[in-house]
Protein chains: 2
Amino acid sequence: MRNTDKNPFGAYIREKRESFRKTDRSFSLRQVAQRIGVEPSYLSKVERGENAPLSEEKILLLALELDEDQDVLLALCGKIGKDVQEVIRKRPLLFAQLIRDLKNLPDHAVLRIIREVRDGKW
Amino acid sequence: MRNTDKNPFGAYIREKRESFRKTDRSFSLRQVAQRIGVEPSYLSKVERGENAPLSEEKILLLALELDEDQDVLLALCGKIGKDVQEVIRKRPLLFAQLIRDLKNLPDHAVLRIIREVRDGKW
DNA sequence: CTTCATGTGTACTGTGTGGTACACACTATA
DNA sequence: TATAGTGTGTACCACACAGTACACATGAAG
């Protein structure tokens, strides 16, 4: 596999950051890097997809910065939030199986379950 | 935290293996180690909780060996199966949210959902 | 023209992961 | 009593993860 492989995370956040930057000069790479707590050179590598992994903590900060969904950004990095992982690990028989059962359901069916759960029907 | 911390995985599989061993001498540490493809000294460290991580692949083999549930053994190691992870990463908005919503539901409620999904009601 | 901010290249680091290789002491057994 | 098998201690290893530190070239702004 090539060095700059097709991981879309870097390109995605770069685009998002630069779009913010058009109206807010505080969204330079350097300043965003400082706000999420990494060196500019490192964020640069991240944005160019140079196999520079971000920790979950930084990804969550970046999601706040760029007004993105945390779970989506984590997923783009191949990760899953620790809180979600913990839910599964505490009741693996239940949750691992449920997820496998839901794997092939279409979105609208999963959404229906979510709605029913939220309505407190359970 | 102490070196041999309170991770229960090692003690758990040791007990299980030794119970098998009472009726089947092929369940010595060495032979099981060979069957799952690690060095005996390493499995020894695993069983004594000496911070010796097993890869998912070996854990799944061990689950077959010891007639244990794969997801449960993985969970005891603080891991989640790659297949389950992939389901979540492919549709993070749906699944991460669903899991958080189900977090505090009692077992029987989750089971009801599983049953309904399996009955094809969705 | 200088000065400041910006993005990037290069080198380096510590910790965790997932192991191997081999020697050692003990035990069962034939 | 040889010897085969058993569990363990010690040393070592490669690679992934998650970065820092600093120099450099460029571009914008005063």
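Computed over heavy atoms, backbone and side chain alike; hydrogens, waters and symmetry mates excluded. All chains are named by letter (A, B, ...) in the order of the sequence lines, taking the proteins before the strands, and each is independently numbered beginning at 1. Just so it is clear, the model here is predicted, and its values are computed rather than measured.
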**Student:** CD of B:Glu18: more than 12 outside heavy atoms within 6.0 angstrom?
**Tutor:**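 Atom CD in B:Glu18 is crowded, with more than 12 foreign heavy atoms closer than 6.0 Å.
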**Student:** Tell me whether the side-chain N/O atoms of B:Arg48 come closer than 4.0 Å to OP1 or OP2 in D:dG9.
**Tutor:**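 So the side chain of B:Arg48 is within the cut-off, an N or O lying under 4.0 Å from OP1 or OP2 of D:dG9.
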**Student:** Whole angstroms only, please: what is the CG-P distance between B:Leu43 and C:dG18?
**Tutor:** 15 Å
**Student:** Using a cut-off of less than 4.0 Å, is there contact between a side-chain N or O of B:Arg21 and OP1 or OP2 of D:dG5?
**Tutor:**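 Result: no.
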**Student:** Is the closest basic N to carboxylate O distance between B:Lys16 and B:Glu68 below 4.0 Å?
**Tutor:**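 Looking at B:Glu68 together with B:Lys16, the answer is yes, because their closest N to O distance falls below 4.0 Å.
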**Student:** Without decimals, in angstroms, what is the distance between B:Gln34 CD and C:dG19 P?
**Tutor:** 16 Å
**Student:** Counting C-beta onward and ignoring hydrogens, is there a side-chain heavy-atom pair between B:Val84 and B:Val87 closer than 4.5 Å?
**Tutor:**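 Result no, sub-4.5 Å side-chain heavy-atom pair not found.
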**Student:** Would you say the side chain of A:Ile88 lies within less than 4.5 Å of the side chain of B:Ile88, judging by non-hydrogen atoms?
**Tutor:** yes
**Student:** In B/S/- notation, 5' to 3', how is nucleotides 10-30 of chain D contacted by protein heavy atoms closer than 4.0 Å?
**Tutor:** -------SBBBBB--------
**Student:** Looking at B:Glu86 and B:Lys90, is there a salt bridge between them, counting it only when a charged N and a carboxylate O are closer than 4.0 Å?
**Tutor:** yes
**Student:** Give a yes/no answer on whether the side chain of A:Ser28 brings an N or O atom under 4.0 Å of OP1 or OP2 in C:dT6.
**Tutor:** yes
**Student:** Using whole Å, report how far CG of B:Asn7 lies from C1' of C:dG18.
**Tutor:** 15 Å
**Student:** Can you check the B:Arg35 CZ to D:dT6 C1' distance for me, whole Å?
**Tutor:**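 After rounding, the gap between these two atoms is 14 Å.
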**Student:** Find the distance B:Arg25:CZ to D:dA4:C1' and express it as a whole number of Å.
**Tutor:** 13 Å
**Student:** Just checking B:Gln31: base, sugar-phosphate only, or nothing, at a heavy-atom cut-off of under 4.0 Å?
**Tutor:** sugar-phosphate
**Student:** I need the B:Leu54 CG to B:Ile13 CD1 distance, nearest 0.5 Å.
**Tutor:** 6.5 Å
**Student:** Measure from CZ on B:Phe27 to P on D:dT6 and round the result to the nearest Å.
**Tutor:** 13 Å
**Student:** So, is A:Arg17 close to the C:dT6 phosphate, meaning a side-chain N or O under 4.0 Å from OP1 or OP2?
**Tutor:** no
**Student:** Salt bridge or not between A:Glu65 and A:Arg35? Use side-chain N to carboxylate O under 4.0 Å.
**Tutor:** yes
